[in-house]
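The structure under discussion appears below in the form of C-alpha cells.
Chain letters run A, B, ... following the sequence lines, proteins first, then strands; residues in each count from 1.
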Number of protein chains: 2
Amino acid sequence: MVTIKDVAKVANVSISTVSRVLNNSGYTSTGTKEKVTQAVEDLKFQKNMVATAMIKKQTSTLGLIIPDIRNIFYGELTRAIEDQANQFGFNVILCNTDNDLDKEADYINFLLRKGVDGIIFSTPEMNDRNIKEIIKTRSDFPFIILGSKVTDVQLDEVLVDNFEGSYQATNHLLELGHKKIGFIGGQHNSYSTMERLKGYESALKDSGLESYENHIRLDEFKIPSGYNKGKELLSLSDRPTAIFAANDAIAVGVYKAARELNILIPEELSVIGFDDSQFAEIVFPPLTTIRTPITEMAEKTVELAIQTSGKGKNFKETITFQPSLIERESTSQVAEQKDPS
Amino acid sequence: MVTIKDVAKVANVSISTVSRVLNNSGYTSTGTKEKVTQAVEDLKFQKNMVATAMIKKQTSTLGLIIPDIRNIFYGELTRAIEDQANQFGFNVILCNTDNDLDKEADYINFLLRKGVDGIIFSTPEMNDRNIKEIIKTRSDFPFIILGSKVTDVQLDEVLVDNFEGSYQATNHLLELGHKKIGFIGGQHNSYSTMERLKGYESALKDSGLESYENHIRLDEFKIPSGYNKGKELLSLSDRPTAIFAANDAIAVGVYKAARELNILIPEELSVIGFDDSQFAEIVFPPLTTIRTPITEMAEKTVELAIQTSGKGKNFKETITFQPSLIERESTSQVAEQKDPS
DNA sequence: ATGAAAGCGCTAACAG
DNA sequence: CTGTTAGCGCTTTCAT
C-alpha cells in the first residue's frame with residue numbers, strides 16, 4: 001500500500017505538505033505542489049479513507065434500513081437514495097430487516113460502530129422500539145425516516161401525504177359511481193396503512209357513505225396479501241365493485257384473484273393502487289394508481305441526512321410531498337349491478 | 001464518544017487489558033475480565049470499527065456493483081448477497097452503474113479507498129475495461145464476478161450454465177412442435193446474452209433446424225426491449241410461433257406486444273423466459289422460464305469474497321450452477337398455422 | 001497476567 | 001510556505 005509517507009519521500013517534502021496539497025488546504029508554493037502532484041501520479045497514490053475517517057469522524061457513508069430490497073417499491077426508493085448519495089460523494093450500506101426489530105437493532109448498532117454519517121429508515125412500523133430507544137441517546141445523530149412516522153418521537157421525516165392520496169383514490173372511485181369500495185391495506189401497525197385507511201374512510205364519509213367493516217382488510221404490502229384478501233372480498237355475496245389497494249403490489253394480487261374468479265377488470269371490478277411502481281404499467285389492464293414522488297423524496301432525505309451530519313442541525317423537520325392520481329385503465333364507471341340471488 | 005480509554009479508567013486497568021478482554025485474546029484473569037465487562041456495560045461502550053479497520057486492514061464491508069437495483073433480477077440477487085454477507089458479519093455497499101464504465105471506475109476506486117474487503121461485480125459487459133485494468137495491479141484483491149465473465153481475465157467467477165439453460169428452453173419449445181422460434185436477447189456485449197444465443201442456436205441445429213437471422217433480436221434485458229423487439233418479431237409475415245426471451249423482463253415486454261397485437265399466449269404464441277424472477281408468477285398466463293439458482297449463487301459468491309479476503313487465496317476459480325426448466329402456462333403445443341395470405 | 005509504548009495512515013495545530 | 005509533533009481509537013509486541 002502506498003501511503004502519504006511514500007509520496008513525501010519521493011517528492012522530497014514532509015507528509016504535512018503532501019496532506020496540504022492533497023486537501024488543497026493551507027499554503028503551498030506552486031513548485032512543491034507540482035512535485036507532490038507528480039509523485040502522487042507516479043506512485044498512483046490513493047488516499048486511504050479509513051485513516052481520514054478516523055480523524056474527521058466522517059465516513060461518507062450512509063446506512064439505509066428497509067424491509068426488503070426485493071420489494072419493487074424499495075428497489076426504486078433505494079436507487080433514488082443511492083443516486084443522490086453518490087452525487088454528494090457518499091456511499092450507501094444496504095440493510096434488509098424483513099421488519100424484524102431484532103435484526104434492525106443489530107444493523108443500527110453495526111452501522112453506528114462503523115461510523116456512518118447518517119441512517120435512513122424506510123420501515124413501516126409506527127412503534128419501532130429501536131428508533132425510540134436510539135433517539136434518546138443519540139438525538140444529535142442524523143436519523144431520518146422516509147415514508148413513515150414513529151409515534152411520540154422527534155425525528156426528521158420525509159413523507160408523502162398518505163391521507164390526501166388515499167382520499168383522492170377513493171374519491172376517484174366514488175366519482176365513477178362506485179358505492180361498494182373495498183380497501184386492502186398493509187400491516188395494522190404501519191403508519192401509511194393507517195393514514196391511507198383514514199383517507200379512504202374520510203372520502204367515503206364525505207360522500208355520505210359509511211365504511212363497511214367487512215370490506216376492509218389489512219395484511220401486508222405484498223402480492224400474496226392482495227391475492228388472499230382480494231379473493232376474500234371478491235367472494236363476498238355483496239362483493240365490492242371497486243377495490244382500493246394500499247399499494248401496487250396488493251393491487252397485483254387483486255388482479256390475480258379477480259382473474260381466477262373470472263371477474264373482469266375494469267368492467268366488473270375497478271382497482272386502484274398506490275405508489276405508481278413498475279408494476280402499474282406491467283399488468284393488464286395498466287393500473288390506475290396514486291403516484292408517490294419517490295425520487296424527490298429520496299433526494300430530500302439524503303440532503304437532510306448529509307446536511308445534518310455536517311452542520312449538526314438542532315431541530316427536526318417534517319417534509320410532506322403531495323401525491324397525484326395517475327389514471328390508467330383499471331378503473332371505470334360502475335356497472336349495473338345484477339342482484340345476487 | 002466513549003472509548004476504550006474511558007473503559008480502562010473505570011475498570012482501573014490499562015487500555016491493552018481492555019482490548020484483550022474485548023477481543024478475547026491473550027491472558028486475562030477472571031477478575032479483571034469481570035471488571036472490564038462491567039465497565040463496558042456501565043458505559044455502554046461500543047468498539048469503534050474504523051479504528052480497528054485501520055489497524056487490521058479489514059472493514060467487514062463488501063462492495064456490490066450492479067447496473068440497476070430497480071431491475072427485479074438484481075433486487076433478488078442483492079438481497080441474497082446482503083443476507084449472506086450479514087451472516088458473516090459483513091455489510092454491503094450498493095453501487096448502481098447503469099452499465100456506465102466511467103461510473104463503475106469511480107465506484108471501484110472509491111470502494112478500494114474505503115478499504116472494502118472485496119468487490120462483487122454483477123455487470124454484463126464482457127469487455128469491462130475497468131476490471132481488466134484493476135486486476136492487473138490488484139490481482140490479490142477479492143474481485144468476484146457473478147453471473148458473467150470478462151474475456152481474457154483470470155477472476156473468481158460464479159455462473160449459471162447459460163448455454164445449458166438456453167438449450168433446455170429452446171428444446172422445450174422444439175418438443176412442443178415449434179419450428180419458428182424467435183430469440184430476444186440483451187446487449188450483444190453481454191456474456192449471458194451470447195451464451196444464451198449459442199444455446200438457442202445449438203438446440204435448433206441439433207434438431208435439424210437452421211437459425212433464422214431475422215428471428216433473432218438483441219437489445220437490452222429490459223421490458224421495453226422485449227416490447228419493441230417482440231412487436232417487430234410478431235409483425236413479421238412469417239412470425240415465430242414461439243419466442244425465447246433471454247430474461248423474464250424481456251418476456252414481460254413480449255406479453256405486452258402480443259396483447260396489443262391480439263395474439264394469445266400460449267394459444268397463438270408460446271413464450272419462455274429466463275431467471276424465474278418475481279415477474280414469472282405475476283404475469284398472465286404465468287411464465288414458463290429457466291430458473292437461475294440465484295440464492296445459492298449469491299451465497300457462494302459472498303463466501304468466495306470473504307474467504308479470499310481472509311486467506312489471500314492464490315488461485316482463481318469458476319463455479320457453475322445448473323439452471324432448470326420451470327414449466328408454467330405460457331408455452332404450449334404449436335397451433336396449426338394458418339397460411340398468411 | 002498486565003502495562004507501556006509504538007504505530008496503522010492521515011490531519012491539524014504550532015513553530016519556524 | 002514548510003516541517004515537527006501530537007494525536008484519532010484501537011491492536012500488538014515487548015517487558016515486567
Side-chain angles (χ1 to χ4, degrees), chain A residues 1-40 43-61 109-117 309-310, chain B residues 1-40 43-61 109-117 309-310:
Chain A
M1 174 180 243
V2 30
T3 75
I4 201 180
K5 232 170 172 171
D6 303 314
V7 177
K9 206 169 295 168
V10 170
N12 233 294
V13 294
S14 75
I15 59 164
S16 34
T17 301
V18 176
S19 178
R20 268 184 220 109
V21 345
L22 249 33
N23 299 301
N24 235 303
S25 66
Y27 303 90
T28 22
S29 73
T30 348
T32 49
K33 196 173 286 183
E34 267 171 22
K35 274 197 299 180
V36 172
T37 314
Q38 192 53 245
V40 164
L43 298 172
K44 292 192 201 311
F45 168 80
Q46 301 271 105
K47 194 157 67 175
N48 180 328
M49 293 183 78
V50 358
T52 310
M54 173 133 101
I55 301 170
K56 296 253 192 98
K57 266 110 190 60
Q58 44 183 27
T59 52
S60 306
T61 309
N109 230 274
F110 208 40
L111 290 173
L112 255 16
R113 299 207 305 138
K114 281 201 174 174
V116 297
D117 300 324
S309 84
Chain B
M1 173 180 247
V2 28
T3 76
I4 201 180
K5 232 172 173 168
D6 302 313
V7 178
K9 205 168 295 167
V10 170
N12 233 292
V13 295
S14 74
I15 60 165
S16 32
T17 301
V18 176
S19 179
R20 269 184 220 108
V21 345
L22 249 33
N23 300 301
N24 236 302
S25 66
Y27 302 90
T28 22
S29 72
T30 349
T32 49
K33 197 173 286 183
E34 267 172 23
K35 274 196 301 180
V36 172
T37 315
Q38 192 53 244
V40 165
L43 297 172
K44 293 190 199 311
F45 167 80
Q46 302 271 106
K47 194 157 68 177
N48 180 328
M49 294 183 77
V50 356
T52 310
M54 174 131 100
I55 302 171
K56 296 252 192 98
K57 265 112 191 57
Q58 45 183 26
T59 53
S60 306
T61 308
N109 230 274
F110 208 39
L111 290 173
L112 254 16
R113 300 208 305 138
K114 281 200 174 175
V116 297
D117 300 324
S309 84

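For the pair B/Lys47 and D/dT11, the criterion of a side-chain N or O lying under 4.0 Å from OP1 or OP2 is met. Residue A/Lys57 places no side-chain N or O under 4.0 Å from the OP1 or OP2 atom of C/dT11. Phosphate proximity of D/dG9 to B/Thr3: absent, as no side-chain N or O sits under 4.0 Å from OP1 or OP2.
The nearest whole Å value for the distance from the CD1 atom in A/Ile15 to the P atom in D/dC1 is 21 Å. With rounding to whole Å, B/Asp6 atom CG is found 11 Å from D/dC8 atom P. Between the CE atom of B/Met54 and the P atom of C/dC8 there is a distance of 9 Å, given to the nearest Å. Atom-to-atom, CD1 of A/Ile4 to P of C/dG9 comes out at 11 Å; the value is rounded to the nearest Å.
Residue A/Lys5 places its NZ atom among 12 or fewer non-hydrogen atoms of other residues, nucleotides or ligands, all under 6.0 Å distant.
Residue B/Val13 is in sugar-phosphate contact alone, with no base atom involved, counting any heavy-atom pair closer than 4.0 Å across all strands shown. Among the heavy atoms of the strands lying under 4.0 Å from A/Ser16 is at least one base atom, whether or not backbone atoms are also near.
Looking at B/Thr17, its side chain has no donor and acceptor atom pair within 3.5 Å of the base of C/dG3. The base of D/dT2 does not come close enough to the side chain of A/Thr32 for any donor and acceptor atom to sit less than 3.5 Å apart.
Near DNA chain C, meaning a heavy atom under 4.0 Å from it, residues 18-30 of chain B has B/Arg20, B/Tyr27, B/Thr28, B/Ser29 in order of number.
Side-chain contact between A/Asn23 and A/Lys47: present, with at least one pair of heavy atoms (C-beta onward) separated by less than 4.5 Å.
A/Ser16 and A/Ser19 are not linked by any side-chain donor-acceptor pair at a separation below 3.5 angstrom, with hydrogens and angles left out of the test.
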